[in-house]
Structure formats: C-alpha cells, structure tokens
K.L.:
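Sending over a structure as structure tokens; questions will come in a sec.
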Amino acid sequence: MQGKIGGYRWTICGLLFFATTVNYLDRQVLSLLQPMLAEKFGWSNTDYANIAAVFQFTYAISMLFAGRIIDRLGTKWGYAWALIIWSLAAILHAYAEPLGRAVSPVFTAVGFAAIPVSVLGFMVARAFLGFGESGNFPAAIKATAEYFPKKERSLATGIFNSGSNVGAILAPITVPWIASHLGWEYTFFIIGAIGFLWLVFWFYYYETPDRQKRLTSSERAYISSDSEPVLEPDSPASAEKVSWFKLLGFKQTWAFAFGKLMTDGVWWFFLFWLPAYLKVQYGLTGTEVMLPLAALYSMTMIGSIGGGWFPVYFINKGYNPYEGRMRAMLVIALFPLLVLAAQPLGHISYWFPVLFIGIGASAHQAWSANIFTTVSDMFPKKSVASVTGIGGMAGGIGGVLVTKAGGYLFDHYEKLGQIETGYTIMFAFCAVAYLAAWAVMKTLVPKMKPVAL
C-alpha cells in the first residue's frame with residue numbers, strides 16, 4: 001500500500017528533521033561552554049541565567065509573530081529566512097566581547113551600566129538567536145499539516161522533533177572537542193555555519209503539495225484524505241487573516257498555550273543547566289560531559305519517535321485523534337515523576353540522575369510531539385502556524401520563569417553551601433509539571449471540538 005501511495009512526504013519530514021537538528025545544535029553550544037565561559041569571564045549563576053533568559057524571552061515574543069509571518073510568507077520562504085537569521089546569530093556569539101563593547105554605551109545611556117561587557121555581548125547575540133530560532137517549529141508544524149494526513153501527523157512530528165534530540169546528542173560530542181582544540185570562538189562559528197548547507201536542499205526539494213511535481217497523484221490525494229485541502233499561496237482563502245484576538249477566544253488555543261507554558265521550561269532547564277549541574281555536583285567539565293550527556297539525550301530519541309506513534313494505538317481502537325492523543329499524553333505525563341529520584345540516588349553515582357533525567361527528558365519529547373499535533377487536530381491549516389506561535393510564546397515565557405528561578409535558587413543555595421537543594425527544588429517542579437498541564441488542558445477541552453474559522 002505504501003509503495004502505491006508514494007512516500008515523498010517523508011522526504012519533507014527528513015528536511016524538517018535536519019533543520020531541527022541544526023536548530024538545537026546552535027541553541028546548545030552556550031550551555032556546554034558555560035563552565036568554561038563562567039570561569040573565563042567570572043559569571044555568576046544569575047549572570048548566566050540572565051543570558052539564557054534573554055534568549056527565551058526573545059524567543060517567546062518572536063514566536064507570536066513568527067507564526068503570523070510564516071503564514072503570510074508561506075512555509076518555503078518563511079523557514080528559509082528563519083534559518084538564515086538564526087545561523088548568522090549563532091556565528092555572532094564568536095564576537096560577543098567586541099559586540100558587548102560596541103553596544104555598552106547605548107545600554108549605559110539608558111541606565112544599564114552595571115552589566116558586564118561579556119554578559120551584554122552574549123545577551124545581544126542570544127536575542128538575535130531567539131528571534132531567528134522562533135521560526136523553526138511554526139514552520140515545521142505548518143509543513144507537517146501541509147504534507148501529512150491527521151492520522152500521521154503525530155508520527156511525522158515525533159520524527160522531525162527527534163532532530164532536537166540528535167542536535168542535543170551531537171552538541172556534547174562536538175562542542176567540547178572543538179572548544180578544546182580551536183577555542184570557544186571557533187565553536188560558535190563552525191556550528192553556526194552548518195545551517196547554510198541545509199538551505200541548498202530545502203530550496204531544491206520543498207514546494208507546497210499542489211505545486212510539488214515529485215508527488216504522485218495518489219499520495220497527494222492521501223495527504224488531503226482526512227483534512228481540508230492545501231490552499232495555493234496566492235488563493236483568496238489562503239490570504240485570509242485570522243486575528244490573534246479571535247484565536248484567543250477559543251479554549252483550544254488556551255489549552256495548548258497552558259500546556260506549553262507549564263512544560264517547555266522543563267526542557268529548557270535540562271538543556272541549559274545540565275552541564276552546569278554535572279560540574280557543580282560531580283566535578284565533570286570539558287570533554288568529561290560528552291558521554292553522560294550524549295547518553296541522556298540518546299534516550300530522548302525513544303520518547304520523541306515512540307511518543308509520536310503512541311496515540312495511533314488508541315486511534316486504531318476507535319478514539320478520535322484528540323481523545324487518543326490525550327490518553328497517550330496522560331500516560332506520558334507519569335514518567336517525569338521518576339526525576340524525583342535523581343537527587344536522592346545521586347550520591348551513589350552521577351549515572352542515576354543521568355538515567356532519571358533522561359527518562360524525564362524522553363517523556364518531554366513524547367509530550368511535545370503530541371501537544372504540537374493537538375493544534376493541527378483542531379485548527380484549520382491557515383491558522384496552524386499562528387496558534388503554534390501563541391503556544392510557543394507561552395512556552396518561552398515559561399522557560400524564562402524557570403531559568404530565572406534556577407539562577408536565583410542556585411546562587412542562593414551556593415552561598416549556603418547547599419546548592420544541591422536548589423537542584424532538588426527545580427527537579428521537583430520538572431517532575432510534576434506535565435500532570436498539572438494535562439489536567440488543565442483536559443478541563444478546558446474535554447472532548448474533540450474542531451475550530452471553524
């Protein structure tokens with residue numbers, strides 16, 4: 001059957017996978033260099049939290065507009081511009097010191113003279129990175145809605161979202177080695193330049209399904225078999241705008257946004273703070289973090305792809321896509337509770353927290369594959385990127401709150417000689433966030449209810 005239908009849609013999924021891999025490679029370089037840069041520039045945990053929070057805040061605000069821009073530009077050009085901007089921003093990190101000196105007079109004039117030059121330079125670079133990277137998921141979700149029927153979207157989302165795991169695996173393998181042999185500046189430059197290679201393949205292989213000559217007629221019909229047809233970019237219907245205020249009037253939008261608000265910060269915390277955690281509690285630095293972090297993020301591959309498949313089990317039993325997805329998400333939300341065991345068993349070996357945090361991170365990826373797909377389950381394609389952007393903004397704000405809380409707690413308990421208490425508090429939040437998010441989402445949208453726009 002698969003051979004008769006054709007499989008070009010999976011080529012598109014592969015492109016989304018590689019873009020997401022590059023996205024997370026660029027995103028994670030700073031966290032892996034944090035121990036080195038903190039020692040070089042004398043950063044406190046709060047300094048690093050501020051740098052990370054600028055990225056998350058910019059990412060959050062930009063997500064709102066990224067979805068709208070991609071809806072207007074179309075997936076092809078919207079995705080391309082997002083990658084160009086974030087790749088240039090990733091390279092800009094290599095010039096953080098001169099950048100900080102260049103913008104310092106401006107910040108001094110508006111009353112921010114106390115910010116160290118190195119912190120200021122990285123904050124500016126991270127702001128540009130957050131702006132560019134905000135386009136990845138709205139564009140990828142929109143492309144998935146264009147190329148996949150609803151019953152395959154969570155699997156396709158899980159596959160391309162696993163690129164975040166591959167990026168997180170490749171980063172600890174490559175970044176410490178490049179930094180130790182060539183220096184931290186070259187690390188940002190080399191990793192940042194990788195994205196431009198992807199553009200060649202994107203422009204060559206991607207086009208909307210109605211214009212895609214590589215699609216067979218049977219596959220094109222299969223793609224639109226259980227959803228509204230893909231609109232031509234210049235058609236009157238595709239140009240119709242749906243206001244944010246109108247989208248915010250639906251409980252479905254708020255359910256998605258709250259789910260992202262509560263859970264995205266968990267992933268940000270793991271991504272940005274684990275290298276610092278392994279250093280402060282277990283003395284692991286440089287290339288020593290390569291194996292535990294690579295092992296941890298390798299586990300998340302299982303969650304991303306398995307989580308995308310899991311709701312199909314319930315859908316095949318007769319549940320509609322949303323109800324099947326919510327049942328799967330409830331089961332997934334139970335696994336992060338194992339993160340509560342990370343600190344109590346950590347005194348035996350650092351591999352215990354690596355294992356339990358790995359399970360929690362894997363569960364997040366499974367959750368993420370499904371929560372993204374609830375948008376395309378219930379909203380028409382013309383508004384998918386915009387709703388995804390609203391939820392992404394909420395998730396970014398959640399990330400800012402978690403990052404700032406972490407920086408404060410770690411500095412506070414480090415002064416008391418009890419920094420492990422700070423991590424225990426943060427891990428406790430990470431463990432229960434998903435159950436809280438699921439409960440609110442289920443309360444707001446108890447049953448499948450597609451939005452008519």
K.L.:
Between Ser383 and Ser386, is there a donor-acceptor pair closer than 3.5 Å when you use the side chain of the first and the backbone of the second?
P.N.:
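No, because the side chain of Ser383 does not come within donor-acceptor range (under 3.5 Å) of the backbone of Ser386.
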K.L.:
Does the side chain of Tyr408 come within less than 4.5 Å of Thr46's, by heavy atoms?
P.N.:
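No; the side chains remain at least 4.5 Å from each other.
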K.L.:
Under 6.0 Å between ring centres, would you say that holds for Trp77 and Phe203?
P.N.:
yes
K.L.:
Students often mix this up, so state it plainly: with edges at 30° and 60°, are the rings of Trp10 and Phe148 parallel, tilted or perpendicular?
P.N.:
perpendicular
K.L.:
Does a side chain donor of either Tyr434 or His364 reach within less than 3.5 Å of an acceptor in the other side chain?
P.N.:
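On atom types as modelled, these side chains qualify, holding a pair under 3.5 Å.
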K.L.:
Are Tyr48 and Trp273 close enough that their ring centres sit under 6.0 Å apart?
P.N.:
yes
K.L.:
Is the ring centre of Phe18 less than 6.0 Å from the ring centre of Trp202?
P.N.:
no
K.L.:
Could you grab the distance from atom CD of Glu133 to atom OG1 of Thr20, nearest 0.5 Å is fine?
P.N.:
10.0 Å
K.L.:
Any side-chain heavy-atom pair from Met301 and Gln365 closer than 4.5 angstrom?
P.N.:
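Answer no - side chains too far apart.
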K.L.:
Does a donor on one side chain and an acceptor on the other come within less than 3.5 Å for Tyr95 and Glu185?
P.N.:
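Per modelled atom types, Tyr95 and Glu185 side chains form no pair under 3.5 Å.
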K.L.:
Tell me, with the steps shown, if His93 and Arg126 meet side chain to side chain contact (heavy atoms under 4.5 Å, CB included).
P.N.:
CA-CA 8 Å; His93 285 65; Arg126 295 307 275 184; 2.8 Å; yes
K.L.:
Where do Tyr79 and Asn136 come nearest, in terms of heavy atoms and distance?
P.N.:
OH-OD1, 2.7 Å
K.L.:
Looking only at the side chains, is there a donor atom on one of Gln56 and Thr403 sitting less than 3.5 Å from an acceptor on the other?
P.N.:
yes
K.L.:
Could you tell me which residues satisfy salt bridge (Lys or Arg N to Asp or Glu O under 4.0 Å) with Asp26, sequence neighbours excluded, listed by chain and number?
P.N.:
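Result, salt bridge (Lys or Arg N to Asp or Glu O under 4.0 Å) vs Asp26: none returned.
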K.L.:
Which heavy atom in Leu32 sits nearest to a heavy atom in Pro172, and how many Å separate them?
P.N.:
CD1-N, 3.5 Å
K.L.:
If we count only N and O atoms by modelled type, under 3.5 Å, do the side chains of Glu146 and Tyr206 hold a donor and an acceptor together?
P.N.:
yes
K.L.:
Can we say Asp377 and Arg325 salt-bridge, meaning some charged N sits less than 4.0 Å from an Asp/Glu carboxylate O?
P.N.:
yes
K.L.:
Could you work out, with ring-ring contact (aromatic ring centres under 6.0 Å, His included) as the rule, every residue matching Tyr59, not counting sequence neighbours?
P.N.:
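Testing Tyr59 for ring-ring contact (aromatic ring centres under 6.0 Å, His included), a comparison that skips the adjacent residues, returns Phe55, Trp268.
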K.L.:
Hey, are Ser118 and Trp43 close enough side-chain-wise for a donor-acceptor pair under 3.5 Å?
P.N.:
yes
K.L.:
Ring centroid separation for Phe122 and Trp184, is it under 6.0 angstrom?
P.N.:
yes
K.L.:
Say you draw a straight line from CZ of Phe335 to CH2 of Trp367; how long is it, rounded to the nearest 0.5 Å?
P.N.:
14.0 Å
K.L.:
Taking atom types as modelled, is there a side-chain donor on Asn320 or Lys447 under 3.5 Å from an acceptor on the other?
P.N.:
no
K.L.:
If the threshold is 4.0 Å, N to carboxylate O, is there a salt bridge linking Arg214 and Glu207?
P.N.:
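Salt bridge flag = no for Glu207 with Arg214.
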K.L.:
Where the side chain of Gln212 meets the backbone of Tyr205, is there a donor-acceptor pair that is under 3.5 Å apart?
P.N.:
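It does hold such a pair.
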K.L.:
Apply the ring-ring contact (aromatic ring centres under 6.0 Å, His included) test between Tyr277 and each candidate in Phe269, Phe427, Phe270; give the one that qualifies.
P.N.:
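Checked Phe269, Phe427, Phe270 against Tyr277; only one passes ring-ring contact (aromatic ring centres under 6.0 Å, His included): Phe427.
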K.L.:
Heavy-atom distance under 4.5 Å between the side chains of Phe188 and Leu30, does that happen here?
P.N.:
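Yes, at least one pair of side-chain atoms sits under 4.5 Å.
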K.L.:
Has Arg27 got its NZ or CZ under 6.0 Å from the middle of the six-membered ring of Tyr24, at an angle within 45 degrees of the ring axis?
P.N.:
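Yes.
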K.L.:
Answer yes or no: is there a donor N or O on one side and an acceptor on the other, between the side chain of Ser362 and the main chain of Gly303, under 3.5 Å?
P.N.:
yes
